[in-house]
Amino acid sequence: MAAFSSMHCSPSYSFSYSSINGCKKQSFILSASPRFSVPDKAKVFFQSPGNSHQNGVLMQDGAVTTKVSPVGKEANIEKLERDLMSVTSSKEWDEKAGFDINENESTVSITVVGASGDLAKKKIFPALFALYYEGCLPKHFTIYGYARSKMTDAELRNMVSKTLTCRIDKRENCGEKMDEFLKRCFYHSGQYDSEENFAQLNKKLKEHEGGRLSNRLFYLSIPPNIFINAVKCASTSASSGNGWTRVIVEKPFGRDSESSAALTKALKQYLSEDQIFRIDHYLGKELVENLSVLRFSNLIFEPLWSRQYIRNVQLIFSEDFGTEGRGGYFDHYGIIRDIMQNHLLQILALFAMETPVSLDAEDIRNEKVKVLRSMRPLRLEDVVIGQYKSHSKGGVTYPAYTDDNTVPKDSLTPTFAAAALFIDNARWDGVPFLMKAGKALHNKRAEIRVQFRHVPGNLYNRKFGTDLDQTTNELVIRVQPDEAIYLKINNKVPGLGMRLDRSNLNLHYAARYSKEIPDAYERLLLDAIEGERRLFIRSDELDAAWSLFTPVLAELEEKKIIPEYYPYGSRGPVGAHYLAARYNVRWGDLGVEQSV
Ligand SMILES: NC(=O)C1=CN([C@@H]2O[C@H](COP(=O)(O)OP(=O)(O)OC[C@H]3O[C@@H](n4cnc5c(N)ncnc54)[C@H](OP(=O)(O)O)[C@@H]3O)[C@@H](O)[C@H]2O)C=CC1
Ligand SMILES: O=C1O[C@H](COP(=O)(O)O)[C@@H](O)[C@H](O)[C@H]1O
């Protein structure tokens, strides 16, 4: 069934449509810029799968700024909305919206650079297959794997096929779909710094594109030291001649302000900012994407979202495995650069930003960057670092970080860090934002915990004894695993007496939604194909993120601060508790969680 939703609120105006196959890009958004009144003059955006020529912007006074639906030109928004409300298929929608869809005209070629690597196998090819299965890729597309390893097309397909899976709720024709998908995957072996090799790739891409308008997406799934060479060669020898060329760049984007700026400068020799898609896959996670929805579309949350009601915010990341296999990369970066400077800081910015003017990428990124720029410089005394050591349990010995052959025996690289951060603006003045990230801990989890202040003059305090912490509300957004949003509240235990306990108001995704949650890479790949930048990092955001962490990272390294050693599989260094206690905070993930 088609699902429709509409939202009207002044001054912005929007209406969205989700198609029957649930592919989010078969959707459109009508929105009015607040500069104009609705409906006389409105800005209208249309989006449909993989066809950039279907995106349009229309001023209803007739000033059409890009290709636009013919219906949009003459219809007022209300009529268009009425027409589209009755639509039951995406085809019918396209017809009614007036799109002259000629899918035969354009094609998208996706090149996974570094196709023989871990990320490509584990995430990128499976995500592309999931998009294909969901009908979210354009009719004409080709996928090329590119790397130095020698491989035939058949060998690439064989490698890729091992990691493809179908969604639990979509098993029908799975094998068939996989075969169809694999037939559209090819391989080209080449060096990352060879224009000639990329020119050969270009020739092959052209053959597949068959004279259509060609759009090209390059996914740089390679170590950062070869980003620039690959970008140079791809842009000089394999850019599209008549469509767009975009490049997804994987992290790390440098290792401090200076190297990040140098990387951006070098990339911009070959690409414009709007061709660069800096990926932070945490932004593609379902519950991170939902953060703004939760806050801005529920009256009960937004008024509480400030220092007035929120005592502290905690951003927690833990993994129950070490750096096994990635020690060489990790030792050069450490947990602060690997997780905090990007994933956790991005979540913080989304969490703390002011209401954006609209859902447009630039409006959201403008707000995020303001948060990042308002952050108080991070001091060394507000950071705790740790490194895991070997531990034996149940007859099994788990390795120390430095047992990895690719890690120097005397490495001081942190595999755990906790930090207390502050946003020096009116909304968040004095509220500690605590971050904690670690590898080889006792569980795998990513969550946001929002601890609220005490109820003033709480009548029921005495029912809880002296531990006032037990009486405050806590909102938990569990990003993974087992996605959930729950709110800890005080509740009367049923019965004749007056006994209170803490219970959870609980939105457990697995119980509420039968649909499997898409992987973050699916959302982000689709966005890059669509040219949607909202979930990608703009260069000024990146600069601000590095400005926050660079001084403290330099100090840690210059002073050779020794990390606190913690046993593999433990809860991490005790220093994290002292840090929290300094700001009167107790980590929310310590207590025994009521199951949700
Ligand atoms: N793996 C993960 O879970 C994550 C990875 N990333 C980032 O994604 C990118 C790719 O990661 P991942 O797949 O793990 O990386 P890999 O180390 O597996 O490298 C990918 C490919 O690059 C080529 N390569 C590796 N080292 C070199 C080198 N020194 N010089 C030239 N080519 C080299 C190899 O292909 P060939 O030899 O065939 O050319 C390899 O298969 C990296 O930037 C990483 O930081 C980000 C988040 C998570
Ligand atoms: O970017 C990274 O993320 C992964 C964790 O990602 P997740 O989606 O599995 O939570 C982390 O293991 C890796 O070290 C880091 O580079």
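Below, each value reflects all heavy atoms present in this structure, side chains not excepted, and no hydrogens, waters or symmetry copies. Ligands are counted one by one from 1 in listed order, and the atoms in each one are counted from 1 as well.
- Summary of contacts: the protein heavy atom closest to atom 14 (O) of ligand 2 is D338 OD2, 2.6 Å.
- The protein heavy atom nearest to atom 37 (O) of ligand 1 is R148 NH2, 2.9 Å.
- In this structure, of K150, H343, Q191, K251, the residue bringing a heavy atom nearest to atom 44 (C) of ligand 1 is K251.
- Taking any N or O of S116, backbone or side chain, at least one lies under 3.5 Å from an N or O belonging to ligand 1.
- For atom 17 (O) of ligand 1, the nearest protein heavy atom lies 4.0 Å away or farther.
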Quiz: residues 557-564 side-chain donor-acceptor pairs under 3.5 angstrom, not counting sequence neighbours:
residue	atom	partner	partner atom	Å
E557	OE2	R337	NH1	3.1
E557	OE2	R337	NH2	3.2
K559	NZ	E555	OE2	2.7
E564	OE1	G575	N	3.3
E564	OE2	V574	N	2.9
E564	OE2	G575	N	3.4

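- Nearest to atom 10 (O) of ligand 2 among the protein's heavy atoms is Y282 OH, 2.4 Å.
- A salt bridge links E367 with K370: the distance from a Lys NZ or Arg NE/NH1/NH2 to an Asp or Glu carboxylate oxygen falls below 4.0 Å.
- Between Y146 and F198, the two ring planes are parallel [angle under 30°; tilted spans 30° to 60°].
- Taking 4.0 Å as the cut-off, R326 counts as a neighbour of ligand 1 on heavy-atom distance.
- In this structure, atom 20 (C) of ligand 1 lies nearest to the protein heavy atom S221 O, 3.4 Å.
- Contacts between K122 and ligand 1 below 4.0 angstrom, taking non-hydrogen atoms only, involve the side chain exclusively.
- Ligand 1 lies out of reach of K121, whose nearest heavy atom is not under 4.0 Å from it.
- The aromatic rings of Y133 and F129 stand perpendicular to each other, their planes meeting at an angle above 60°, with 30° marking the opposite boundary.
- No part of K122 comes within 4.0 Å of ligand 2, judged by heavy-atom distances.
- Considering backbone and side-chain N/O atoms, Y192 comes within less than 3.5 Å of an N/O atom of ligand 1.
- Once rounded to the nearest 0.5 Å, the distance linking OG1 of T323 with CG of D404 reads 5.0 Å.
- Near R326, with a cut-off below 4.0 Å to any heavy atom, the atoms of ligand 2 are 13 (C), 14 (O), 15 (C), 16 (O).
- Stacking of R157 on the aromatic ring of F186 is recorded, both the 6.0 Å distance cut-off and the 45° axial limit being met.
- For a threshold of 3.5 Å applied to N or O pairs, the pair formed by P252 and ligand 1 contains no separation below that value.
- Each of the following atoms of ligand 2 lies closer than 4.0 Å to a heavy atom of K444: 9 (O), 10 (O).
- Residue K444 qualifies as enclosed at atom NZ: its count of foreign heavy atoms under 6.0 Å is above 12.
- Looking at S214 and S240, their side chains do bring a donor and an acceptor atom within 3.5 Å of each other.
- The contact set between ligand 2 and H343, taken as ligand atoms under 4.0 Å from a residue heavy atom, comprises 1 (O), 2 (C), 3 (O).
- Between the side chains of R148 and N197, no donor-acceptor pair of N or O atoms lies under 3.5 Å.
- Using a 30° and 60° split on the angle between ring planes, H208 and Y144 fall in the perpendicular class, above 60°.
- Of all atoms in ligand 2, listed by their number and element, those nearer than 4.0 Å to a heavy atom of K439 are 11 (C), 12 (O), 13 (C), 14 (O).
- Residue A120 places no N or O, backbone or side chain, under 3.5 Å from any N or O of ligand 1.
- A donor-acceptor contact under 3.5 angstrom links the side chains of Y509 and N290, judged on distance only.
- T413 and D331 share a side-chain donor-acceptor pair at under 3.5 Å.
- In this comparison of E319, K251, R445, R337, the heavy atom closest to atom 1 (O) of ligand 2 sits on K251.
- Looking from atom 13 (O) of ligand 1 to the surrounding protein, the closest heavy atom is L119 N, 2.8 Å.
- Annotation: atom 38 (O) of ligand 1 to nearest protein heavy atom, S149 OG, 2.4 Å.
- Using a cutoff of 4.0 Å between basic side-chain nitrogens and carboxylate oxygens, R278 and E273 are scored as salt-bridged.
- For atom 19 (O) of ligand 1, the closest non-hydrogen atom of the protein is P223 CD, 3.9 Å.
- Of the protein's non-hydrogen atoms, E250 OE1, 3.2 Å is the one closest to atom 46 (C) of ligand 1.
- Between D118 and R326, none of the side-chain N atoms (NZ, or NE/NH1/NH2) sits under 4.0 Å from a carboxylate O, so this pair counts as no salt bridge.
- Of all atoms in ligand 2, numbered sequentially from 1 with element shown, those under 4.0 Å from a heavy atom of K285 are 7 (P), 8 (O), 10 (O).
- Between the side chains of D482 and H508, at least one donor N or O sits under 3.5 Å from an acceptor N or O.
- Not close to ligand 2: F330, with no non-hydrogen atom less than 4.0 angstrom away.
- In this structure, K439 is not positioned above the aromatic face of Y401 in the sense of NZ or CZ being under 6.0 Å from the six-membered ring centre and within 45° of the axis.
- The contact set between ligand 2 and Q480, taken as ligand atoms under 4.0 Å from a residue heavy atom, comprises 7 (P), 10 (O).
- Among protein heavy atoms, the minimum distance from atom 14 (O) of ligand 1 is reached at D118 CB, 3.5 Å.
- Considering only non-hydrogen protein atoms, atom 42 (C) of ligand 1 sits nearest to I222 O, 3.3 Å.
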